[in-house]
Asker: 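Before I ask anything, let me first share the structure, which is written out below as structure tokens.
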Amino acid sequence: MVPLKRRKVACPPAGNTGTTGGGDAGSIKFPEAVLFLLERKMGASRRTFLSQLGRKKGFQVEDAFNESVTHVVSENNSSEEVRRWLGSQNDQRAVHLLDISWFTESMRAGQPADILDRHKLQDESAHDNEVPLFSVPSYACQRRTSLANHNTALTDALSLLAENAELSKEEGRGVAFRRAVAVLKVLPEPVTSMAQLRGLPCLGGHTLRVIKDVLENGTSSEAEATKNSQRFRALKVLTGIFGVGAKTAERWIRLGIDDLQQLQQSGQTLNRAQQGGLEHYLDLNQPVTRSEADAIGEVVGRAVVSVSPGARITLIGGFRRGKPTGHDVDFLITHPEEGNEVGLMPKVVSWLQSKGFLLYQKTTRNSYLESDDGPAQPSSNMDRFERCFSIFKLDTGEGTRATEASGESGGEAAGAPEADPAPGSQVLSDDEQNPGAKPWRAVRVDLVVSPISQFAFALLGWTGSKLFERELRRWAGHEKAMSLSSHALYDGNQRRYVRATSEEEIFSHLGLEFIPPSERNA
Ligand code: CTP
Ligand code: MN
Ligand code: MN
């Protein structure tokens, strides 16, 4: 049955045979089925013949389409075509769209045949009306998102638009695109038609226009135009400098600074982070491989046990989710005895510094305090751990390129996106211009220290992806009246903090099925 638009016509009441015409009408035996035969493709004379046959067998067959019709019978028409015809009749009721086979079988049986699937007019949209092709829950934290992606053309275009929105300080638009990307990432097969998207969450009008463009033309003209725009390129190059955010880049662009050379010549004052970022620009824009992450983990691990024997480190961020490459390496440090983590970060940093492993570091103090009233607001900025943002100096062996040095993951590295070429790269140092010449490379490394009592929350909060985290917090707030941070889970109904010692427990408190890290790549 398909809903159709309501028709406003003066028409005879159901059962009236006044329009059936001809003196051949027998008495109506089956009032529940009011038939209308579509002339389109059937032809007028065959239609007249079949209509008369139907009436002889006791069926009510209308000559003109009207409100009483329950069964529309057609021959060699797609449901699309019949629907379009009915649409022009402006009728909104549900009617059966049937193939002529139902009619002939009914004639043979002398009564209305049971309506089987093969009698119904089949086409994409008729199908979609009943069952959506893909079923996807609306929160990313309810879904399993592995690294497999069958729709990269769509997600690449939408990710680029998300990135542009984020760099343009349009956070809402950025999140909307990110959510759409996350939905497309979980689809088990490539999308080939817009009809397949019916029923999917998080796909707004703008997103659908982009998808349509890619499906029809292979690329999104908006994404291409954005990618090639002077402004986007400048934002990418400038925010590619560690320590430069969208706001700073925007300010520089307004001063006419579009690339590294212009930045250098402008005489803008750079802070220490930005100086480090510029100095190691190419290295920091080259993806970090898993084996490089492991090599750094080995060094940081040594640092941690050297300064506090019982302490341990855990690889977090994208690498914990199984990504083959990352833009940095993230570690969570804790100590099994509560309180013993205090003072750990400065010691670890000193150890690394004394051995020459840090090209830059900035440590921020722990400022998290649990209050009895609960958090003032659920927020992503609740992470007040002791943190260290650093640029790590990773030995890669004498005069070899970093990617060659990490032999076993060469294949993965080869598949990683290339760092954007740096316009004005002549301002880069000799080492930077010829990175193969030096026996080390610079890598962004983030360290976080958590007390053991908050470890599960920190682990969950720092494993990402960023969208997965955002969705977890949105789920907690909107669906459960809870507030989740990387420190704690506050239950707004019970007005108390909920303890947890594992990620599994936190998912369970949130009423969510546990999603392992490798399936949090939303
Ligand atoms: N994070 C955070 N607060 C920040 C920065 C990051 O809570 N100020 C969290 C993010 O939510 C994410 C994790 O730290 O869960 C790792 O962030 P990041 O290193 O930026 O991203 P990755 O997922 O590791 O991706 P990549 O491989 O590109 O590093
Ligand atoms: Mn990371
Ligand atoms: Mn990080």
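None of these values were measured; they are calculated from a predicted model. Each residue takes its place number in the sequence, starting with 1.
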Asker: Report the C-alpha separation of Gln454 and His487 in whole Å, then their side-chain angles, then the decisive distance to 0.1 Å, and conclude whether the side-chain hydrogen bond (donor to acceptor under 3.5 Å, both in side chains) test is met.
Answerer: CA-CA 5 Å; Gln454 298 173 15; His487 297 275; 2.8 Å; yes
Asker: Has Gln494 got a side-chain atom pairing as donor or acceptor with Asp491's backbone, closer than 3.5 angstrom?
Answerer: no
Asker: Is it true that a side-chain atom of Glu341 and a backbone atom of Ser450 form a donor plus acceptor pair closer than 3.5 Å?
Answerer: no
Asker: Between Glu471 and Arg179, is there a salt bridge with N-O shorter than 4.0 Å?
Answerer: yes
Asker: Do the numbers put Arg496 on top of the ring of Tyr490, so that NZ or CZ is under 6.0 Å from the six-membered ring centre and no more than 45° off the axis?
Answerer: no
Asker: Contact between Trp475 and Arg470 at the side-chain level, heavy atoms closer than 4.5 Å - yes or no?
Answerer: no
Asker: Within 45 degrees of the ring normal and closer than 6.0 Å to the centroid, is that where the cationic atom of Lys347 sits relative to Trp351?
Answerer: no
Asker: Tell me which one of Arg143, Gln142, Arg144 satisfies side-chain hydrogen bond (donor to acceptor under 3.5 Å, both in side chains) with Glu513.
Answerer: Arg144
Asker: Between Asn164 and Thr226, is there a side-chain donor-acceptor contact under 3.5 Å, judged purely by atom types and distance?
Answerer: no
Asker: Classify the ring geometry of Phe357 against Phe392: parallel below 30°, tilted from 30° to 60°, perpendicular beyond 60°.
Answerer: parallel
Asker: Is there a donor-acceptor pair under 3.5 Å between the side chain of Asp330 and the backbone N or O of Leu447?
Answerer: no
Asker: I'd like to know if Arg290 pairs up with Asp294 as an ion pair, taking the criterion as any Lys NZ or Arg NE/NH1/NH2 lying under 4.0 Å from an Asp or Glu carboxylate oxygen.
Answerer: yes
Asker: When you compare the side chain of Leu489 with that of Ser483, does any pair of heavy atoms fall below 4.5 Å?
Answerer: no
Asker: How about His206 and Phe177: are their ring centroids closer than 6.0 Å?
Answerer: yes
Asker: Could you tell me whether Arg320 and Glu503 have a side-chain N and a carboxylate O separated by less than 4.0 Å?
Answerer: yes
Asker: Any donor and acceptor pair, going by atom type alone, linking the side chain of Ser168 with main-chain N or O of Glu170 inside 3.5 Å?
Answerer: no
Asker: Using a 4.5 Å cut-off on heavy atoms from C-beta on, say whether the side chain of Ile296 contacts that of Phe331.
Answerer: yes
